[in-house]
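Take a look at the structure set out below.
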Amino acid sequence: MNNQILSARLTLTKVALPDWDLIRSIYSNPTLMEHIGATMSDEDIRRNFEKELAPWSLESTHWLTWIIRETDSGNDVGLISFCTRNRETLTAEVGFIILDGFKGKGYATEAIRRVFDFAVDTFGFKKFTAVCSEEHVASRRVLEKAGMKLDKIVPESTEIAGKKVNDCYYSLEK
């Protein structure tokens, strides 16, 4: 499997040991986690990180994660991941986090489109899903720009920071 994916402006590199500080800074940052869930302890971040370092296949239960970087500058932009949700219908869920200084530049949409192409070409995925909170308008816009359609909104289905939020379920068939 290719550990690096290129797009017009971005280089996506499979997460590796040197990415620990970046991963830790993302999952412990209350602003970045505001619409995702509670910040995580170093122990929980480390446990998830170690899973994501493992080789990945369609049978894997962990996320396949890449660090998103600007190709020209090498600056870290964020991360993007997918995991198999249904092996029979070859369905994968996608998720992403963009660092504050890089939001609004189209990087998330570019990365998602490229990961979709990679997942179809490499693993034969036929459908993609994503979930985000209804109030996270920027993520919803990214998913829609990437071609995903809103399937349903489930009221008060997830608790984030002690508050029940509505979840938006998106999908795209390739």
Could you tell me the separation between the CZ atom of R87 and the CG atom of L58, rounded to the nearest 0.5 Å? 7.5 Å

Go through N48 and M40 one step at a time and tell me if the side chain to side chain contact (heavy atoms under 4.5 Å, CB included) criterion holds. CA-CA 10 Å; N48 287 341; M40 298 167 65; 2.9 Å; yes

When rounded to the nearest 0.5 angstrom, what is the spacing between OH in Y169 and OG1 in T129? 9.5 Å

Verify side chain to side chain contact (heavy atoms under 4.5 Å, CB included) between T89 and K127, making sure each step is shown before the conclusion. CA-CA 8 Å; T89 59; K127 183 175 181 179; 5.8 Å; no

Just jot down the side chain to side chain contact (heavy atoms under 4.5 Å, CB included) partners of L32, sequence neighbours excluded, or say none. I26, N29, I97, L99, D100, K103

Quick one, T65 and I80 - any side-chain contact, counting heavy atoms below 4.5 Å? no

Closest heavy-atom pair and its distance - S60, P55: OG-O, 3.9 Å

Parallel, tilted or perpendicular: which one describes the rings of F123 and W56, with boundaries at 30° and 60°? perpendicular

Are the side chains of F96 and S139 in touch, meaning some heavy atoms are under 4.5 Å apart? yes

V165, V131: one ILVMFWY side-chain cluster at the under-4.5 Å cut-off? no

Rounded distance (nearest 0.5 Å) linking atom CD of E70 with atom CG of L10: 7.5 Å

Looking only at non-hydrogen atoms, find the nearest pair between A130 and E93 and report the distance. CA-CG, 4.4 Å

When clusters are formed by joining ILVMFWY residues with side-chain heavy atoms under 4.5 Å apart, either directly or through shared neighbours, do I153 and I36 land in the same one? yes

Counting distance only, does the side-chain N/O of T71 pair as donor-acceptor with the main-chain N or O of T11 below 3.5 Å? yes

Which heavy atom of S171 sits nearest to which heavy atom of D151, and what is that distance? OG-OD2, 2.6 Å

Can you tell if the side chain of I23 reaches within under 4.5 Å of the side chain of L79, non-hydrogen atoms only? yes

Exercise: do T91 and N86 side chains pair donor with acceptor under 3.5 Å: no

Is any side-chain heavy atom of E173 closer than 4.5 Å to a side-chain heavy atom of F128? no

Compare all side-chain heavy atoms of K174 with those of D117 and state whether any distance is below 4.5 angstrom. yes

Parallel under 30°, tilted from 30 to 60°, perpendicular over 60°: which one fits the rings of W66 and F118? perpendicular

Under 4.5 Å between side-chain heavy atoms, hopping through other hydrophobics if needed: is there a path connecting Y27 to I160? no

Do V77 and R69 come close enough that some side-chain heavy atom pair is under 4.5 Å? no

Hey, is R9 close enough to D72 for a salt bridge, meaning N to O under 4.0 Å? no

CA sep, side-chain torsions, deciding dist, call: V15, W20, side chain to side chain contact (heavy atoms under 4.5 Å, CB included): CA-CA 9 Å; V15 70; W20 164 248; over 6 Å; no

Enter the distance from K51:NZ to C83:SG here, rounded to the nearest 0.5 Å. 11.5 Å

What distance do I68 atom CD1 and D76 atom CG have between them, rounded to the nearest 0.5 Å? 10.0 Å

D167 and S157 have their tightest heavy-atom pair at OD2-OG, 2.8 Å

No-hydrogen, no-angle side-chain donor-acceptor test under 3.5 Å, S41 and E43: no

Within a strict 4.5 Å, meaning less than it, do heavy atoms of the L150 and K152 side chains meet? no

Looking only at heavy atoms, the pair that brings Q4 and T13 closest together is NE2-OG1, 3.6 Å

Any carboxylate oxygen within less than 4.0 angstrom of a Lys/Arg side-chain nitrogen, looking at K163 and E135? yes

Could you give the side-chain donor-acceptor pairs of residues 141-149 under 3.5 Å, partners two or more places apart or in another chain?
unit_1 : atom_1 : unit_2 : atom_2 : d
E144   : OE2    : Y170   : OH     : 2.8

Can you tell me how far apart OG (S57) and CG (L64) are? Round to the nearest 0.5 Å. 10.0 Å

Can you confirm if the aromatic rings of W63 and F82 lie within a centre distance of less than 6.0 Å? no

Residue pair L12, V115: steps toward the side chain to side chain contact (heavy atoms under 4.5 Å, CB included) verdict: CA-CA 9 Å; L12 284 59; V115 164; 3.5 Å; yes

Which heavy-atom pair separates R140 from S133 by the least distance, and what is that distance? CD-O, 3.9 Å

Salt-bridge test for K14 and D19: reply yes if a basic N is under 4.0 Å from a carboxylate O, no otherwise. no

